[in-house]
Each structure stands twice: as C-alpha cells, then as structure tokens.
Protein chains: 2
Amino acid sequence: MQDNLQIQMNEFLPLRDVVFNTLRQAILTGDLKPGERLMEIHLANKLGVSRTPIREAIRKLELEGLVIMIPRRGAEVAQITEKSMMDVLEVRRTMDALCAELACERITEEALEALKKACDAFAEAVKSKDIKVIAKADVALHDIIVQATGNSRLVQLINNLSEQMYRYRFEYLKDCSRHEALIEEHRIIYESIVKRDKEAASDAAKLHIDNQEQAIIHQIRLDKENKKV
Amino acid sequence: MQDNLQIQMNEFLPLRDVVFNTLRQAILTGDLKPGERLMEIHLANKLGVSRTPIREAIRKLELEGLVIMIPRRGAEVAQITEKSMMDVLEVRRTMDALCAELACERITEEALEALKKACDAFAEAVKSKDIKVIAKADVALHDIIVQATGNSRLVQLINNLSEQMYRYRFEYLKDCSRHEALIEEHRIIYESIVKRDKEAASDAAKLHIDNQEQAIIHQIRLDKENKKV
DNA sequence: AGTACAATCCTTGTATACAAAATACATTTT
DNA sequence: AAAATGTATTTTGTATACAAGGATTGTACT
C-alpha cells in the first residue's frame with residue numbers, strides 16, 4: 001500500500017463512517033490491493049484514530065464483501081476474480097433491465113427532461129475526451145434512471161453492484177472507439193423510456209451492460225497476463 | 001422487548017458474529033419490534049458480553065438495513081412499511097426469475113434429482129400441517145434452485161432479500177387453502193427446469209412470488225388495522 | 001398551573017488496556 | 001545440517017474507561 005491513504009475530515013460523520021468511506025475508496029480505486037492485509041493498529045496510526053472506528057468500518061466492509069475475515073488473522077482485501085466479476089455483471093444485467101422497465105412505468109416528466117439533458121451532457125462530455133468528465137456524466141445519467149424506479153431497495157442494490165465494477169469503469173471508458181456507440185446506446189434507452197416501451201428499454205439496458213462486460217472481461221484477462229509476467 | 005433474547009453459546013464464532021446472529025434472529029422473528037431502541041449496555045448485560053461485540057454486530061445490521069442509526073441516539077430496529085416490503089418483493093420477483101432461468105442452463109443432474117426430492121418432501125410436509133416443517137421444506141427447495149445458478153453474488157442477494165420477508169413467511173404459510181396450489185407451483189417450476197424451458201421457469205417463479213405478495217400485503221394491511229385499534 | 005431553565009443522568013462515540021492465539025525466529029539437539 | 005522446540009513479537013478479540021452531547025426531570029418563577 002502506498003501512503004495515499006488520506007482521511008477526509010467530513011467533520012459531521014462519525015469517525016467509523018469516515019474510515020469506512022476512506023477504506024472503501026482505497027479498495028475500489030486499487031490503492032489497497034486484493035490480498036493486502038488490513039492491520040488495525042497500522043491503519044489506526046495512519047488515519048490518526050483509534051482501533052475502534054477501524055474495526056467498525058471493517059465490519060461493514062466485510063458485509064459488503066470488499067474484505068474477507070480470516071479467523072484470528074484479521075481482514076484482507078477480497079480478491080477480484082473473473083468469476084466474481086461475471087457474477088456481479090450477471091445480476092447487474094437483470095437489475096438494470098428491471099430499472100429500465102420500471103422507469104418506463106414511473107418516470108415523471110421532469111425526470112424525463114433531466115434524462116434528455118443528461119444524454120446531451122454525456123455527448124458533450126465525450127467531446128472533452130476527459131475520462132473523468134465522461135465517467136461522471138455516465139453515472140449521472142444512469143442515476144436518473146435508477147432513481148426513477150422509486151424503489152429504494154433497488155437503488156441500494158444497484159449502487160452496491162456498481163461499486164464492485166468501479167475499478168474497471170475507467171478502463172472501459174478509455175476505449176475511445178466505443179464512445180460514439182455509447183452515446184447511441186444512451187439515446188436508444190432514453191427514447192425507449194420516452195415511448196414507455198418496456199421491452200425496448202429492457203433490451204437496450206441489457207445490451208449496454210453486455211458491451212461493458214466485454215470490455216471488463218478483456219481488461220481482467222489483460223491484468224491476469226500482466227500478473228504472470 | 002421480552003426476555004426471550006437468549007444467546008446461543010454453542011458456537012466457536014467470534015462473539016460479534018454470535019451477537020449479530022442473535023440480534024438478527026430477534027429482529028426477523030419480531031422479538032425485537034420495529035422502532036425499538038438497541039441500547040448497547042443493556043444488550044451487553046443481557047447477552048453477557050461487553051459493548052464492543054454489540055457495536056460491531058450493530059454495524060453489520062446497519063448495513064443490512066435491519067436497523068437504522070440515529071445520530072447520537074444509537075440504533076433502532078427499522079420500520080417495515082408496506083412500501084419497503086413492496087420494494088423488496090419487486091426486486092425479489094426479478095431475481096427469482098433470473099434464478100430459475102439460470103438454473104435451466106446450469107443445474108446438474110444431481111441437483112435436479114435433489115429438486116425432485118425436495119418437491120416431494122414439500123408435498124409430504126404439507127400433509128403434516130406443521131407450519132415450521134412446511135417452511136423448512138419450502139426453504140430447502142428454493143435453496144436448491146438458487147444454489148444451482150452457481151452465482152454466489154446472486155445467492156447472497158437472494159438470501160438478504162428473503163430475510164426481509166422472513167417475518168411474513170409464517171403468516172403466508174398459515175393459509176392452508178393455498179397449500180395445494182403451492183405444491184402445484186413447485187411442480188411447474190421443477191418441470192420447467194427439467195425441460196430447460198427458461199421462459200416457463202421464469203414465469204412460474206414470478207407467479208410464485210406474486211402469490212406470496214398477495215398474502216404478505218394482505219397481512220401487512222391487517223397488521224396496520226390492528227395497530228390503529 | 002404552566003413554562004422555562006438548569007442540573008443530572010443516560011447513552012453514544014472514541015480511546016486504551018489486557019489477554020489469548022498465532023506466527024516467526026532463534027537456539028539446541030540429534 | 002536439519003528438525004524440533006521454546007520464546008518473543010505481533011495481532012486479533014474483548015473489556016473497560018473517559019468524555020461529550022442529548023434527554024429528562026425537577027425546581028423556580030411567572
């Protein structure tokens with residue numbers, strides 16, 4: 001672990017939540033690498049807190065599946081295997097399709113308007129060629145659809161699943177040749193929802209994930225090759 | 001809270017996990033009621049442990065959504081509203097359909113054999129008229145299908161969602177008039193999977209949840225009426 | 001009698017202390 | 001030289017101590 005592990009003092013949250021967010025971010029961005037041990041005293045010193053908030057944060061990470069506990073040895077960052085990522089994507093695919101269908105039923109006119117703007121904003125972001133800007137626009141767009149379902153449990157689950165894919169998001173967006181296709185995919189999803197055509201929206205959402213899956217799998221295999229060398 | 005909160009020390013698990021399981025069970029069975037506060041010292045005394053394992057268990061319950069944290073006031077058991085239950089069921093419906101479809105693709109001959117036996121066992125259990133026995137047979141049957149997907153993330157999510165419905169399971173099975181229909185529904189699901197007919201399996205799984213939904217909603221409305229009086 | 005203010009108590013949030021278990025290393029013996 | 005045993009260090013698991021912030025209750029004043 002490099003020492004980029006820096007606590008961000010959101011003064012109003014309990015320390016455990018600050019630590020939780022910090023560690024989660026570190027894991028998702030790859031700053032804490034799979035297999036790396038999370039040693040309590042070490043983390044406590046590094047973050048300038050006691051062991052208690054560290055431990056409570058680890059309990060949450062454990063339930064989220066980001067770390068695994070080894071009895072009497074402590075926590076370590078969970079391995080990301082191709083299998084585990086395929087499992088996540090398989091569920092995500094269905095959930096995103098559900099989101100699109102529910103959005104067809106329930107989206108308000110205001111949200112539709114916002115979705116249209118988000119599509120345009122995404123197209124603009126692509127022009128900037130700045131991956132971070134593109135990623136942000138992408139998240140914003142999908143968030144509108146997810147929120148439009150009005151199902152808070154679904155929102156929570158999708159967020160958790162997205163999280164697992166986080167570290168591959170950038171790799172996937174780096175492939176500029178896909179950018180125009182992404183704009184088109186978003187357009188199709190948007191228009192299906194406008195028409196309240198559940199089947200079309202569902203299919204478009206699934207296709208969207210399938211394409212991401214291709215890119216992510218490709219990246220994982222590349223990583224694996226690199227690790228061997 | 002009545003004092004049926006009893007820790008089961010037969011485990012070699014860390015205390016936090018024992019406490020976690022104990023509290024979760026208490027919440028799901030309704031022994032700890034929605035809105036009830038979880039006070040650390042009180043629980044610690046009751047379970048004969050210190051505050052630390054209690055706190056760590058609460059962190060996990062928090063992430064599972066079974067308790068909510070009120071800043072500087074501590075944890076209380078989450079309310080179950082009709083809306084939150086509908087949200088869960090809406091997701092469950094889709095996930096169960098996905099399970100059925102994946103099972104069609106991936107189930108092994110051994111698991112198919114086990115599923116057949118589980119169907120028969122359920123029919124037998126119904127004859128016993130013992131709700132607990134029936135519930136157990138029902139869980140076992142569905143578990144075979146879920147496991148057959150080979151998707152561990154999906155298994156985890158379904159378990160979490162089922163959990164939310166736990167306290168209504170018994171009410172739903174109490175309605176004896178539905179028992180024969182349940183056997184028939186299970187049979188249709190089984191036969192669809194045998195034929196590897198994804199669409200039929202998916203439809204059957206959805207219907208199965210829809211029927212549960214009716215019973216659960218009915219029960220919730222009944223509860224609400226009772227509460228008013 | 002009702003309201004407002006203050007004091008006390010209760011509970012959480014955080015830190016630290018202590019014990020048990022495991023691992024690693026060194027020393028001794030075969 | 002290799003293996004085994006014992007010791008020391010590391011790290012978790014659990015308990016407890018301490019401080020700060022609300023909530024409640026009691027008292028005094030209107």
Side-chain angles (χ1 to χ4, degrees), chain A residues 1 5-24 26-27 32-78, chain B residues 1 5-24 26-27 32-78:
Chain A
M1 179 181 68
L5 198 57
Q6 200 61 33
I7 207 160
Q8 40 194 3
M9 266 307 187
N10 302 2
E11 301 285 351
F12 298 102
L13 285 173
L15 282 183
R16 59 166 177 273
D17 290 330
V18 178
V19 172
F20 175 59
N21 291 330
T22 303
L23 292 180
R24 178 162 64 173
I27 292 172
L32 284 166
K33 295 190 175 37
E36 192 163 339
R37 289 182 67 182
L38 296 180
M39 284 178 298
E40 296 169 2
I41 297 177
H42 184 228
L43 288 174
N45 291 338
K46 188 142 278 179
L47 299 179
V49 298
S50 79
R51 279 177 63 208
T52 307
I54 302 283
R55 288 178 65 81
E56 299 194 12
I58 288 177
R59 293 289 84 75
K60 291 174 123 186
L61 294 169
E62 179 189 354
L63 206 73
E64 256 195 351
L66 291 177
V67 310
I68 56 162
M69 295 304 299
I70 301 175
R72 293 196 183 74
R73 185 135 194 278
E76 61 181 47
V77 180
Chain B
M1 181 180 66
L5 198 58
Q6 200 60 34
I7 208 162
Q8 38 200 6
M9 269 309 257
N10 344 351
E11 315 260 7
F12 293 97
L13 288 171
L15 282 184
R16 59 165 175 274
D17 291 329
V18 178
V19 173
F20 175 59
N21 291 330
T22 304
L23 291 181
R24 178 160 63 173
I27 293 172
L32 284 166
K33 295 189 175 37
E36 192 164 340
R37 288 182 69 181
L38 296 179
M39 283 179 299
E40 297 169 3
I41 299 177
H42 184 229
L43 288 174
N45 291 338
K46 188 140 277 178
L47 299 179
V49 299
S50 81
R51 279 178 63 207
T52 307
I54 302 284
R55 287 179 64 83
E56 299 194 14
I58 288 176
R59 295 288 85 76
K60 291 174 124 185
L61 293 170
E62 178 190 355
L63 206 74
E64 257 195 349
L66 291 178
V67 310
I68 57 162
M69 296 303 300
I70 301 175
R72 292 192 188 77
R73 186 136 194 277
E76 61 181 49
V77 179

## Note on the structure
The residue among B:Leu15, B:Ile58, B:Asp17 that forms side chain to side chain contact (heavy atoms under 4.5 Å, CB included) with B:Pro53 is B:Leu15
### Task
With sequence neighbours left out, write down each residue that passes side chain to side chain donor-acceptor pair (under 3.5 Å) with A:Glu40, or none if nothing qualifies.
A:Arg51, A:Arg55
### Query
For B:Arg59, what residues pass the side chain to side chain donor-acceptor pair (under 3.5 Å) criterion, not counting sequence neighbours?
A:Glu56, B:Glu62
### Message
Looking at B:Arg73 and B:Arg37, would you say the former's side chain and the latter's main chain have a donor-acceptor pair under 3.5 Å?
### Response
no
### Task
Check the distance between C:dT11's P and B:Leu43's CG and give it to me in whole angstrom.
11 Å
#### Entry: Nearest-Å distance for atom pair CD/P, residues A:Glu76 and D:dT11
14 Å
### Rounded distance [0.5 Å steps], CZ in B:Arg16 versus CG in B:Leu23
14.5 Å
### Query
Along nucleotides 12-18 of chain C, 5' to 3', which nucleotides get a B, which get an S, and which get a -, given that the test is a protein heavy-atom distance under 4.0 Å?
BBBBBB-
